[in-house]
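We count ligands from 1, going down the list as the structure has it; atoms in each ligand are counted the same way. Nothing here was measured: the structure is a model prediction, and the numbers come from that model.
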Amino acid sequence: MSTDRSARSGLSRRALLGRGALGAAALSVASASGGALAWSAAAGRSDPTGAHGMRTVPFHGAHQAGIETPAVPPPFAAFIGLDLRPGAGAAELRRVLRLWTDDAARLTAGEPALADPEPELAEQPAELTVTVGLGPEVFDRIGRADARPEWLAPLPDLPIDRLDPAWGQTDLIAAVAAGDPVTLAHAVRTLSRSVRAQATVRWVQRGFREAHGTRPEGATMRNLMGQRDGTVNPVPGTDDFAEVVWDDGAAQPWLAGGTAMVLRRIRIDMDTWEEADPPMRDLSMGRFQGSGAPLTGTEEFDEADFDATDRYGIPVIPPTSHIARARPRAPHERFYRRAYNYDEAPAPGRTSESGLLFVTYQRDVTRQFLPVQERLAEQDALNIWTVPIGSAVYAVLPGIDEGGRLGDTLLPD
Ligand code: HEM
């Protein structure tokens, strides 16, 4: 059976997109879990182009923005990994979080940051979101090892990993996304500059999905291998999503409303992938590359039948295929995936430097994510062409109300 994603979530696609209705009136859609699943227009401004520049996503709410997004996530993203400066502790972290709270609240509303040297670049919020997380060592630095979630640690060594320290674990992350690359660049610059007395930028990982308006709204993105990526995923705005993603504070009360982020940088070898013919591609994924349908179906959202066999008794979806290995073997083995493509200048002698910024959100990395990742590391037909070269795990802070400061439940003033 083919099921439309927005129909399944019970949200009207038109309500989510609201194109042409971005005048002064706010346009918002409540999320079942209370998240900021909303777009509205920057205060008091109309959108002269009818495009996306004036869209805003509320910064305040029970959860940080940028995770439970509308059907079409912003097409441009940058993940900024920073380290606290030597000797920095709780006071410095508090300062970073105060500065970022202020920057993000302003920029996401279409207002310049304090003393913004380029205030013109803040005029189009373009659905900007900023999502802040903490790495494992921060808890030692601030003398709160007791507050570190149990799952917050680098992933164990995996046989497929060829990790480059250049993309390794950092103390802090600011995940920034926007509908426009200029807005994004300005936000990255602002967030990096404002905390430079307390922290240094180790890496910025930039990624992209299809631009708004280039494909039917709500269509699953295609990665650079050509596959539809993100079909089987918890649907934002549903109780199921909340169950999978949002921390309930049971283990660490300060984290209630936050979540766990895994960021893996996975290189794709385009040269060898392009030697694979269509049947090989489809069999390695367990889905038809063109339609995204499982090999046992005809439409993208058809449910895969992993027990189906052909007339020789051979499974139609190979047990070594990516989806056969990745699908949950137990109900808790689920997480929300939100990938971005990357495509950088190749090193001399290479033809490409492309891949996936593979990002997942879940309550508990060890329980939900790790069993799947370990299964894929053990066997996955896709491993022929994909190599993880970066890996990091963060505790994403809970959302805040107006007047609050990111991280205030962990580090009160
Ligand atoms: C470059 C690396 C990867 C690529 C290109 C890729 C691509 C895909 C594609 C095309 C699908 C099928 C459509 C969909 O449901 O989204 C899929 C499914 C999935 N992938 Fe990946 N993936 C990659 C890495 C990973 C990793 C590292 C994990 C987890 C550790 C993962 C977990 C999953 C899961 C859980 C599904 C859904 C399986 C199901 O049908 O239940 N993928 N992936």
Give the residue and atom name of whichever protein heavy atom lies nearest to atom 7 (C) of ligand 1, and the separation in Å to one decimal. Asp229 OD2, 3.6 Å

Parallel, tilted or perpendicular: which describes the rings of His63 and Trp246, with under 30° parallel and over 60° perpendicular? parallel

Pair Phe208 and Phe76, ring centroids less than 6.0 Å apart: no

Do we see a donor-acceptor contact under 3.5 Å between the side chains of Gln205 and Arg265? yes

Ligand 1 N/O within reach of Gln373 N/O, cut-off under 3.5 Å: no

Please report which non-hydrogen protein atom sits nearest to atom 35 (C) of ligand 1, along with the residue it belongs to and the distance in Å to one decimal place. Ala326 O, 3.5 Å

Which atoms of ligand 1 sit under 4.0 Å from any heavy atom of Ile266? 1 (C), 2 (C), 27 (C)

With no hydrogens and no angle check, just 3.5 Å: does a side-chain donor-acceptor pair link His60 and Asp401? no

closest protein heavy atom to atom 10 (C) of ligand 1 is Arg228 O, 3.2 Å

Is the ring centre of Tyr336 less than 6.0 Å from the ring centre of Phe241? yes

Quick note on ligand 1: atoms under 4.0 Å from a heavy atom of Leu376 include exactly 26 (C), 28 (C), 29 (C), 30 (C), 31 (C)

Atom 18 (C) of ligand 1: the protein heavy-atom neighbour that sits closest, reported with distance to 0.1 Å: Arg337 NH1, 3.4 Å

Salt bridge between Asp102 and Arg405, side-chain N to carboxylate O under 4.0 Å? no

Among all protein non-hydrogen atoms, which one is nearest to atom 26 (C) of ligand 1, and what is the separation to 0.1 Å? Phe358 CZ, 3.3 Å

For the residue pair Trp273 and Trp385, does the interplanar ring angle fall in the parallel (under 30°), tilted (30 to 60°) or perpendicular (over 60°) class? perpendicular

Heavy-atom gap Arg267 to ligand 1 smaller than 4.0 Å: no

Can you confirm, on distance only, whether ligand 1 has an N/O atom lying under 3.5 Å from any N/O atom belonging to Met285? no

Where on Thr220 is there a heavy atom closer than 4.0 Å to ligand 1, on the side chain, on the backbone, on both, or on neither? neither

Top protein contact for atom 40 (O) of ligand 1, by heavy-atom distance: Val232 CG2, 3.6 Å

Using the side-chain hydrogen bond (donor to acceptor under 3.5 Å, both in side chains) definition, which of the options Thr170, Asp83, Asp171 pairs with Arg202? Asp83

What heavy-atom pair brings Thr231 and Thr220 nearest, and what distance separates the two atoms? N-CG2, 3.8 Å

Using a strict cut-off of 4.0 Å, indicate which atoms of ligand 1 neighbour a heavy atom of Gln227. 5 (C), 7 (C), 10 (C)

Looking at His322, pick out the N, O or S atom nearest to atom 21 (Fe) of ligand 1 and give its name. NE2

Compute the shortest N/O to N/O distance between Thr231 and ligand 1 and return yes if it is under 3.5 Å, no if not. yes

Short version for Asn223: what comes under 4.0 Å of ligand 1, heavy atoms counted, is side chain

Side-chain (Gln368) to main-chain (Arg363) donor-acceptor, under 3.5 angstrom: yes

Name the one of Arg327, Arg375, Arg367 that satisfies salt bridge (charged side-chain N to carboxylate O under 4.0 Å, His left out) with Glu333? Arg375

What about Gly230: any of its N or O atoms under 3.5 Å from an N or O on ligand 1? yes

Without swapping roles, check the side chain of Thr214 against the backbone of Ala211 for a donor-acceptor pair under 3.5 Å. yes

State whether the side chain of Asp248 and the backbone N or O of Ala256 hold a donor-acceptor pair below 3.5 Å, judged by distance alone. no

Quick one: does Pro328 get a heavy atom under 4.0 Å from ligand 1? yes

Arg264 touching ligand 1 at heavy-atom level, < 4.0 angstrom: no

In terms of atom number and element, which parts of ligand 1 are under 4.0 angstrom from non-hydrogen atoms of Met225? 5 (C)

Is the shortest distance from a heavy atom of Trp385 to ligand 1 less than 4.0 Å? no

